[in-house]
Asker: 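Attaching a single structure in structure tokens format; questions to follow.
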Amino acid sequence: MTKQPLLDVKNLVTEFIIPEGIVYAVNGISFNVNPGETLAVVGESGCGKSVSMLSVMGLIPTPPGIIVDGEAIYGNKNLFKLAEEEMEQIRGKEIAMVFQDPMTSLNPVLTIGKQITEALICHFDITKNDARDRAISLLDMVGIPEARNRLDDYPHQFSGGMRQRVMIAMALACDPHLLIADEPTTALDVTIQAQIVELVLQLKRQKDMAVIWITHDLGVVAGIADRVNVMYAGYIVEEALVDDLYEDPRHPYTCGLLGSLPRVDHRRERKLCSIPGSPPSLLVKPVGCPFRPRCQYSKEICQFETPKLRETSRGHHVACWIDIQSGEQISGS
Amino acid sequence: MTRYILHRILQGIPLLFFISIILFVLMMNMGDPIATMGGRTATRPADRERLKRQLGLDKPIVVQYFYWLAGNDWTKIDLDGDGIGETYGERKGVLRGDFGYSLVNRGKPALAVIGERIPNTLILMVAAELVIILGSLLVGVYSALHQYSFTDHFITTLSFIGYSMPIFFIALLSMYIFAVLFKRWGLPYLPTVGMFDPQVGKTAGQVILHMILPVLSISVISLAAYSRYIRSTMLEVMNQDYIRTAKAKGLPRPQIVYIHALKNASLPIVTVIGLDLPLLLGGAVVTERIFAWPGMGRLFLDHVERGDLPVVMGILMLISVAVVVFQILTDIVYAWLDPRIRFG
Amino acid sequence: MCNFKKYSQLISVIVITLILIPACGPKTSASPKVTTFIFTQEFDTLNPLYSNMWFSQITLELWNGWAWNFNEKNEPVPYLVKEMPSIENGGISADGKTITVKLREDLKWSDGIPLTSEDFVFTYDMTISPKNAVATTYPYDQLASLEAPDKYTIVMKFNEPFAPWQATFWKGILPSHILKPVFENEGSIDNAEWNLKPTVGFGPYIFKEWESGSYTRFVANPNYWGPKPKIDEIFIRFVPDDASQINALEAGDGDLGTFIAYSDIPKLEQEGIKIIPAFSGYNEGMFFLISKERGHPAMLDVRVRQAIAMGIDRESIVKNLLLGKTAVPASYWDALPFYNTPPVQNYPYDPEASNKLLDEAGWVDSNNDGVRDKDGVELVLRYGTTTREVRQDTQAVVQQDLAKIGIKVNLLNYDSDVFFASYDKQGPAATGQLDIMQWSDTTNFPDPDYYYWYCDEIPSAENPQGANWQYLCDEELDSLFKLQATQVNPEERQKTYQKINQIFHDNVYWLGLWQDPDMWALGKRLSNYKISGVTPFFSIGEWEFSSGE
Amino acid sequence: MGILNIMIAESTPNLFVDDLETPPLPLTTLAWKRFKRHRMAMLGGVFLILLVLYSFGGSLFVEEKYANFTNPPIRLNTPSWQHPFGTDTVGRDVLARTIYGGQISMIIGILAVIIETSLGILIGALAGYYGGTIDSLLMRFTEAMLNIPEIFLLIVMAKFFGNKIPNLTLLGRTFSGSVVVIIVIIGLTSWMYLARIVRAEFLSIKENDFILAAKATGTSNTEIIIRHILPNSIAPIIVSATLGIANAILSEAYISFLGLGVQPPTATWGNMLDGANNYIESAPWLWFFPGLLILLTVLSINFLGDGLRDAIDPHSRAI
């Protein structure tokens, strides 16, 4: 992999300062995504996967949120150092985002035509009519029937799946190089979910863009991702190519996630993992391994030292003091 | 929509009817309009008796209400005191647009008495409303966008004070500062009473100059209240997912704030302002009194003091109608702003 | 780039337009000699028949007028008439029942139509017609008949001699050529346009316009039959309160103001503004409820009333609250010295004497609660008046004074339409709910006639409009008042009033607080003015701007 | 749901639980904690205590007689050592009058709110609980009353009830009957918003299972209303009543300022301002001190009410 990654995030730390104290949402994660690649970020609700992406996009509400540390290199720019105006040029145009809930993510009082064209008008020197034409072809592309007639409709006149298609059309309007899809299917019916996944995959191939797909659904990941990051409590705990992860999960948490995933096609016998307890409060800066309280393998070291990502095989990294195959603490670091 | 509006209007009619009964009962027990007709001397007994009869004030309240509502031109009334009606009455009743003749400005229809003052009050109200809406949008949006900043805290505190200010205190204080003290300090000072300087005449400049302090006094409270409301509404809207979407599209901040956010925030704001608008007239009573503004509020005070039922009832009913009309207008504007209702 | 800027420009254009729209109003231009009068109340109507309002009545002198005026000494001067009718010149018949009035022959309305006896008869007809809800039918209802033998003569016939005729008749004349058609068409002149826009008059000025809540304008009458007025235009500006009036006078925005509060006088005089007190017979005073059925038993005892008279430091009230600008009246007729001859003496402030009188009357503080009592009844009186500031202030001072002599008073204040409401409207004074009632009143000034004390004016269910709110029936007083009303001969009347005055004084039926002359303020610009207490603007045509202005 | 809330709720699942689900009863330690966080509310509370001390504690130092003691020769004196707030038009001490005026103003505020709250609860509860014709009749009436700006209603009512009540002697002090009138009319003209709030609360609570259960066991309507529903809707009522005191004090001031309120010599902050516009220039102390005290009181109560709302009724929002 000598190619320069499209986006390279290093040591991102994001915190929220609220009256009750500080929420340690993202605690120094690093990841990258290469051009044309699909990266999946997996984790439970509240593990910091959305926050880390919003940090990259500069969409963390400030206050109370602050990006404490880290850099996000896109091209040759550090996104965290850019002025707001420069960032506006990147958002939507270079990096686009699709959000979880199409019901609330579209502005209810503006027509979808307006919502699609305004990004075009903003980023390109384009007339209103051209923008409309492009919006129509975009809607066509995402599979909205009679696109021309629906341009002046309002979001509430669309079904949930259709709205997510509109969101995708909007995100793709400016031909971004990177699409961040933040659980785009979670709020949808199961049958619609598959259609949306298929649509994104198809568009990705067409446009040759990179995709970061955030989800808590490992089932989706298998079908679309090249690589997977597993997050827990603001940390990346495991990072691997998709097949490696499924074949050989190395983190007890990943193991638990996979264990709770019904996989009828899987032949191999596997030790059943389960995750007792609930995620920790992010108000307390964890000492030691964040997963320790719920971990059946935990050893003394887990209590005091936070494990760093270590490579177990090529491209496969895990942050754990234990080798779950043997149940033994790894030696050295 | 038309059907909806018609429905609302039909709903308003019994409401107005209801209000008129409440008010009429209250009004009937107020004072004796004839007591002060004598001017500086008490009205003579014989005249009191005759006037009561001629003005129909000797009738039972039900009859008086009925005459007020439906007129008395279909029945013979007794003018000479012999107990037998000989001439037809002249009143047409409110239902036919006749609010009766003023008991103070004798010979003048109550509506004409009120009508003369309405423009003066409206000019004050429109100006105040402009100041309130523009000002509170400016302040509210600003402090919402700069939440928790020093300016935001400052504005919040200030708006609390403004909201708690009695109108007369603002009025007296501003008169003292901008008229008395400024004059004392040799600065250009503002006029405090009336609508214009009679020596100069009723020019636009004069009226505007005389309007400054009254408009200020009327505006402060609503300005403070609405900025707070707009601030919290804007904050809520700015936290909505679609604002995040708009940001993610790379739209510049002004476009996000003024098109995406404000259009949504304007829905609750329009409701609150629309429903409050006619109630602002309440503030006019005190303000017009202090600043000697020849508007409807002062008219109300002057005529309530002398028990001028037709005029007082007229003013109150006009306000009630205004409230009902504004409720309907608010609904229409709301529907116009919110496509979910328009098409739903 | 983005189209946002376009929007903001559009919005600002709209806003600016909205702000500018109301700015385009009509302009009025000032003409040469314009004087501004400041009135604290707006006219109710300008038709003299429909208003008893003082401001409306005095303005009548500008554009309409009385048959005869009263000068600054309150003496009658002929205006529309050739001479004042008298027994000597035969204008009044020997039995006093017929009065013949001779009109001037050069009178005309401002539209050129001659003003004749026909207008007088029409005025009379309109007043007594039951179809017109006029403010008062008095004194025309006293007439047995009114005849006009020719265009310039009217003959008034009475059943009984009517002494107060001079002060009561012909206060304003209606133009029959304007209003007769109205009356014939509409059956009434109640709602005639002329009432509010009397563009036809006969005074030195004519009505021009009336902007409700702001001003009324009068301009010189080109058809005036008398000498041409010196000032071109009179602008009457309505302000709602004393403070605005004082401001306007001080700033020179107003040349004339009236009802100046005593406390404002020094400030105005400093500015070179002339203050003229015009005696109109008004006295601020206390009326007492003297009734077995409704009142406090103590008030029936003359000694208690005398104690009250000597227990209130009235001189101090006048000196401090009214800045010594007026005096304490000894008699109700102080402003009419002719009818107060020889003058009665005022009660002094003497709390010692008060205490003695109260002790004598048996009102002593037997239970040591600071308030006198007798037979288990505490000497607690209800003392009511209107909500006028100076009255409320007086009440507070009086309350304190009376507390010192062991009389407790509860203070009550009412809006004037409530305070003066009649018996059937549950007026607090009319229904005998107040032991002490304070207000300012006068007689048929400059006539001493007065009807509040007639026994048959005591209000009751049968007589709900009665005016004797004292509920006092003093037979002797009753007959004396009835007698004076028929005494056309002033000397005889004077003797009657001597007796009336003495009864009032000895019994303390009424206690004067202060003489209440109308205080006029006249700015430096005006000169050659005279002000009467009855018809203040009787010489308005002669008023002039000071030289240099 | 706002992004912030989602994110914080997401990232700290057990952090805001107590905020998301309001406790059924207020004044728990939690409410107090939230209230304490509200600095302005604390400040308002402290100020209010000071103002109450000023008005009620002040009477330990100054006698009522002194507040009503007229001394015409020193009328309209400027503030001095003897009379720190100056003297009024009959030479009464303005400082002493603000003390006794404050008492009356506050008493009016509190008593009027008691009437207002009782009426509001009664009408709102009846309408909300019984529904149907009673509801629509009562709500039409409420709407009709709401349709007329309060100040107009106050003026008309002040005239209607004016001086129909004689002076009262209570605890050795004489109160002008107009005090009672003012209390009654403010109560009568301000219950409408509360009635609507209570009605809405009742409408939602009466559908709850425990109410149905209570009904099924034959509990009487009155008992259900008083025992079961009312305690559950107490939070908005408390907030509304607190803010209502500020409004009542303001209403008294307005109506007295217009000369239709409490009649002298009983002082209130409002009637001390009556006629003040004649003294804007010549005697500003006449209107400045009572005006300032009204402002401070209303401001403190508003701050307090705002904090209270955040503490015990966080779902509602200020208008």
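Values reported hereafter were calculated over all heavy atoms of this structure, with side chains retained and with hydrogens, waters and symmetry mates removed.
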Asker: Compare every heavy atom of B/S164 with every heavy atom of D/N302, then report the nearest pair and how far apart it is.
Answerer: ND2-OG, 2.9 Å
Asker: Could you go through the side-chain contact (heavy atoms from CB on, under 4.5 Å) check for B/L173 and D/F288 one step at a time?
Answerer: CA-CA 8 Å; B/L173 211 57; D/F288 182 75; 3.9 Å; yes
Asker: B/F168 versus D/L273: any side-chain heavy-atom pair under 4.5 Å?
Answerer: yes
Asker: Can you confirm whether more than 12 heavy atoms, excluding those of D/Y54, are under 6.0 Å from its OH atom?
Answerer: yes
Asker: Output the distance between atom CD1 (D/I280) and atom CE (B/M175), rounded to the nearest 0.5 Å.
Answerer: 3.5 Å
Asker: Just give me the residue among B/V324, B/I243, B/V237, B/I161 that pairs up with chain D most often, heavy atom to heavy atom, under 4.5 Å.
Answerer: B/I161
Asker: If I measure from the heavy atoms of chain D, does B/I167 come under 4.5 Å with its side chain, its backbone, both, or neither?
Answerer: both
Asker: Walk me through whether B/V323 and D/I148 qualify under side-chain contact (heavy atoms from CB on, under 4.5 Å).
Answerer: CA-CA 8 Å; B/V323 173; D/I148 307 155; over 6 Å; no
Asker: Taking D/L153, D/L292, D/N247, D/L154 one by one, which has the highest count of heavy-atom pairs under 4.5 Å against chain B?
Answerer: D/L292
Asker: Identify which part of D/I155 has an atom lying under 4.5 Å from any heavy atom of chain B, answering side chain, backbone, both or neither.
Answerer: side chain
Asker: Is it the case that more than 12 heavy atoms not belonging to B/F18 sit under 6.0 Å from its CZ atom?
Answerer: yes
Asker: Would you mind reporting whether B/Y163 and D/L299 have side-chain heavy atoms less than 4.5 Å apart?
Answerer: no
Asker: Is it the backbone or the side chain of B/Q327 that comes under 4.5 Å from a heavy atom of chain D, or both, or neither?
Answerer: side chain
Asker: Is a side-chain donor-acceptor pair under 3.5 Å present for B/S320 with D/N147?
Answerer: no
Asker: Taking C-beta and beyond as the side chain, do D/D306 and B/F160 meet within less than 4.5 Å on heavy atoms?
Answerer: yes
Asker: Mind running ring pair (Phe, Tyr, Trp, His ring centres under 6.0 Å) on D/W287 and B/Y176 for me, showing each step along the way?
Answerer: CA-CA 11 Å; D/W287 51 267; B/Y176 187 66; 5.7 Å; yes
Asker: Could you tell me which of D/L296, D/L146, D/I151 has the largest number of non-hydrogen atom pairs under 4.5 Å with chain B?
Answerer: D/I151
Asker: Pick from B/L301, B/T157, B/L172: which one has the most heavy-atom pairs with chain D under 4.5 Å?
Answerer: B/L172
Asker: So with a 6.0 Å cut-off around CZ of B/F154, is the heavy-atom count from everything else above 12?
Answerer: no
Asker: B/V25, B/L23, B/L15: which one forms the most heavy-atom pairs within less than 4.5 Å of chain D?
Answerer: B/L15
Asker: Where does D/A253 contact chain B at under 4.5 Å (heavy atoms): side chain, backbone, both or neither?
Answerer: both
Asker: For the pair D/V156 and B/F300, evaluate side-chain contact (heavy atoms from CB on, under 4.5 Å) and give the outcome as yes or no after the intermediate values.
Answerer: CA-CA 10 Å; D/V156 173; B/F300 179 81; 4.0 Å; yes
Asker: For side-chain contact (heavy atoms from CB on, under 4.5 Å), just list the numbers for D/E281 and B/R184, CA-CA rounded to whole Å, side-chain angles, deciding distance to a tenth of an Å, and then say yes or no.
Answerer: CA-CA 10 Å; D/E281 186 173 0; B/R184 204 173 284 166; 4.2 Å; yes
Asker: Can you tell me if NE2 on B/H7 sees more than 12 non-hydrogen neighbours from other groups inside 6.0 Å?
Answerer: no
Asker: Would you check if D/V298 and B/P166 make a side-chain contact, meaning some heavy-atom pair closer than 4.5 Å?
Answerer: no
Asker: Distance check, rounded to the nearest 0.5 Å: B/I22 atom CD1 versus D/M157 atom CE?
Answerer: 8.0 Å
Asker: With only heavy atoms counted, which part of B/I290 is less than 4.5 Å from chain D, the side chain, the backbone, both or neither?
Answerer: both
Asker: Is there a donor-acceptor pair closer than 3.5 Å between any side-chain N or O of D/K159 and the backbone N or O of B/M27?
Answerer: no
